[in-house]
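Atoms within each ligand, like the ligands themselves, are counted from 1 in listed order. What you see below is based on every heavy atom in this structure, not just the backbone, and it leaves out hydrogens, waters and symmetry mates.
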Amino acid sequence: MSRIWVKGGRRLQGEVTVQGSKNAVLPILSAAVLNPGITELEGVPDIADVRVGIEILRSLGAEIEWQGHRLSIDGRGIRPEPVPEELGERMRSSVLFLGPLLARFGEASVCRPGGCAIGKRPVDLHLEGLRQLGAKFDLSEERIHGRAAELKTVQIRLRLPSVGATQQLVMAACGVTGMVTLSGCAREPEVEALCCFLEAVGVAQIRGAGTSRIRILGGGCCRSTRFFVPGDRIAAGTYLAAAAGTGGTLNVQGISPWQLKRTLQLFRRMGCRIQTGEDFIRISGRAREAVPYLATAPYPGFPTDMQSAFLTLAAAAEGKSVLEETIFESRLSLAEELNRMGAGILVCGRRAEIPGGARLHGASVRGSDLRSTSALARAALMAEGESRVEGWEHAERGYESFTEILSELGGMIRKETEKEENSKVLKNETEEPKVLL
Ligand code: UD1
């Protein structure tokens, strides 16, 4: 368990270059299994989930070198070993090793991902699709063991545009000598990034990535490749929201604004000024206006990963806002923690009513998943007084140097050392904290 200390009330100001995308790089690490040559990745974020992904690749026999944000994966020694439980249990997306292992070796064994703080998160669509491709499964409570003598040409229609299931099936389809057509696909930029990577490796020709119908012509010849991981749109949105909450001015570099279209529309609607260029977004002004109704939706809709940002901003906006979470069934637990800071949010099922007008105050709060934990840090930066955010290990799964970045932008925020966790040393409230990491 780790936690951070935050003192609110300062405007964030400056520039940040956004990290490589977590949700793009994790499936790409699984897809590297398909390449028996060398895969070089640039822009790999140094976050806990990536470290788990790398350990999984090593456990399968890959040789890995990781320097700065450059990762080199030598796939020659990869074998279809079972993904170790202690690694699989630490990261839900370890299930994405299933498709590529089946495609390359006809065999795979991964941990069965359970539910998590945001919902049940089943993998039925992954398994249904893989069965249609010709795989057979032995399922136990803990593991999924799959076999496929041969994967076959097929047309698959997804019942839901699941990001994970789309990525899983695209990777598995690379092992088919012939055309696989997927319809009802997720259109998220991270699906597109994966398809670009697979084409760069040469394992498949892919058409329609980024649309709901993707055609994969697999069975290609792999080649050593170098690939740049795109910027993280959710991390970019997170920093923009931090600035919008404190009334600051921030330039986020390394992100294509079109990936954040709905999020930027929201910031504008809440009263922020937004300027964009090919690979930057600049925000200024405080998010003050309430939004009568906002619902999360699959891409290109408003992302579920950004709803925690909205909840936090809406709490302090002028007037009542309503948020409906349509993707994950229990992703509003953040409201309870924000209420400890004075937000007064009412949650009924998947709907949150945010009265607005709150003057958030410091409190001791706990995050239960990646995005809600970072949202609590942002709320604490907006609040009067000191806060402690527990559960910081969730944020470290997906954000690189989060506290250091916000501290450089002027926020009073830092990770607490173990020593401090045992003794409450921060008695002098006016003292400016030093970054200790
Ligand atoms: C991915 C992202 C996550 C993001 C989410 C939605 C990664 C590592 N994670 O998660 O950050 O919040 O997309 O943009 O990229 N579903 C089923 N059966 C399945 C699969 C999904 O019913 O087999 C349902 C889920 O319960 C959920 C919905 O489909 O209600 C969307 O889930 P999905 O798009 O699969 O999310 P993830 O890929 O898990």
Query raised in the report: Looking just at side-chain N and O atoms, do Gln155 and Ser183 make a donor-acceptor pair shorter than 3.5 Å?
Result: no
Report task. Check whether any heavy atom of Pro122 sits under 4.0 Å from an atom of ligand 1. Result -> yes
Report task. Determine whether more than 12 heavy atoms belonging to other residues, nucleotides or ligands lie under 6.0 Å from atom CD of Glu336. Result -> no
Query raised in the report: Going by distance only, is there an N or O of Gly164 that falls short of 3.5 Å from an N or O of ligand 1?
Result: yes
Query - Residues Arg331 and Asp305 bridged, charged N to O under 4.0 Å - result: yes
Report task. Considering only non-hydrogen protein atoms, determine which one is nearest to atom 11 (O) of ligand 1 and report residue, atom name and distance to 0.1 Å. Result -> Asp305 OD2, 2.9 Å
Query - Gln19 and Tyr399 side chains, donor-acceptor separation under 3.5 Å - result: no
**Report entry** Proximity to ligand 1 by part of Ile234, non-hydrogen separation under 4.0 Å
**Finding:** neither
Report summary line: Closest to atom 23 (O) of ligand 1 among protein heavy atoms sits Leu125 N, 2.8 Å
Query raised in the report: So, does Thr166 use its side chain to make a donor-acceptor pair with the main chain of Ala186 at under 3.5 Å?
Result: yes
Requested in this report: Report yes or no: is the cationic atom of Arg121 (NZ for Lys, CZ for Arg) under 6.0 Å from the centre of the six-membered ring of Phe328, at an angle within 45° of the ring normal?
Outcome: yes
Query raised in the report: Short N/O distance, under 3.5 Å, between Ser93 and ligand 1?
Result: no
Requested in this report: Find all atoms of ligand 1 within a distance of less than 4.0 Å from any non-hydrogen atom belonging to His126, and give their numbers and elements.
Outcome: 23 (O)
Requested in this report: May I ask you to decide whether Arg58 forms a salt bridge with Glu81, counting only side-chain N to carboxylate O separations under 4.0 Å?
Outcome: no
Report task. Verify the neighbour count for atom CZ of Arg131: are there more than 12 heavy atoms of other residues, nucleotides or ligands below 6.0 Å? Result -> yes
Query raised in the report: Any idea which protein heavy atom is nearest atom 10 (O) of ligand 1, and the distance to it?
Result: Arg121 NH2, 3.3 Å
Query raised in the report: So which protein heavy atom does atom 13 (O) of ligand 1 come closest to, and at what separation?
Result: Val163 CG2, 3.5 Å
Query raised in the report: When you measure from atom 29 (O) of ligand 1 to every protein heavy atom, which one gives the shortest distance, and what is it?
Result: Leu160 CD1, 3.6 Å
Query raised in the report: Should the proximity of Arg331 to ligand 1, defined as any heavy atom under 4.0 Å, be assigned to the side chain, the backbone, both, or neither?
Result: side chain
Query raised in the report: Should Glu190 be listed as contacting ligand 1, given a heavy-atom distance under 4.0 Å as the test?
Result: no
Query raised in the report: Is the number of heavy atoms from other residues, nucleotides or ligands under 6.0 Å of Glu63 CD greater than 12?
Result: no
Report task. Could you tell me whether Arg3 sits above the aromatic face of Trp392, with NZ or CZ closer than 6.0 angstrom to the six-membered ring centre and within 45 degrees of the axis? Result -> no
Query raised in the report: To which protein heavy atom is atom 27 (C) of ligand 1 closest, and what is the distance rounded to 0.1 Å?
Result: Ile327 O, 3.4 Å
Report summary line: atom 35 (O) of ligand 1 sits nearest the protein heavy atom Ser162 OG, 2.6 Å
Query - Top protein contact for atom 36 (O) of ligand 1, by heavy-atom distance - result: Phe328 CZ, 3.7 Å
Report task. Give the contacting part of Gln167 toward ligand 1: side chain, backbone, both or neither, where contact means a heavy-atom distance below 4.0 Å. Result -> neither
Query raised in the report: Is any N or O atom of Asn23, backbone or side chain, closer than 3.5 Å to an N or O atom of ligand 1?
Result: yes
Query raised in the report: Could Glu337 and Arg366 be called an ion pair, given the rule that one side-chain N must be under 4.0 Å from one carboxylate O?
Result: no
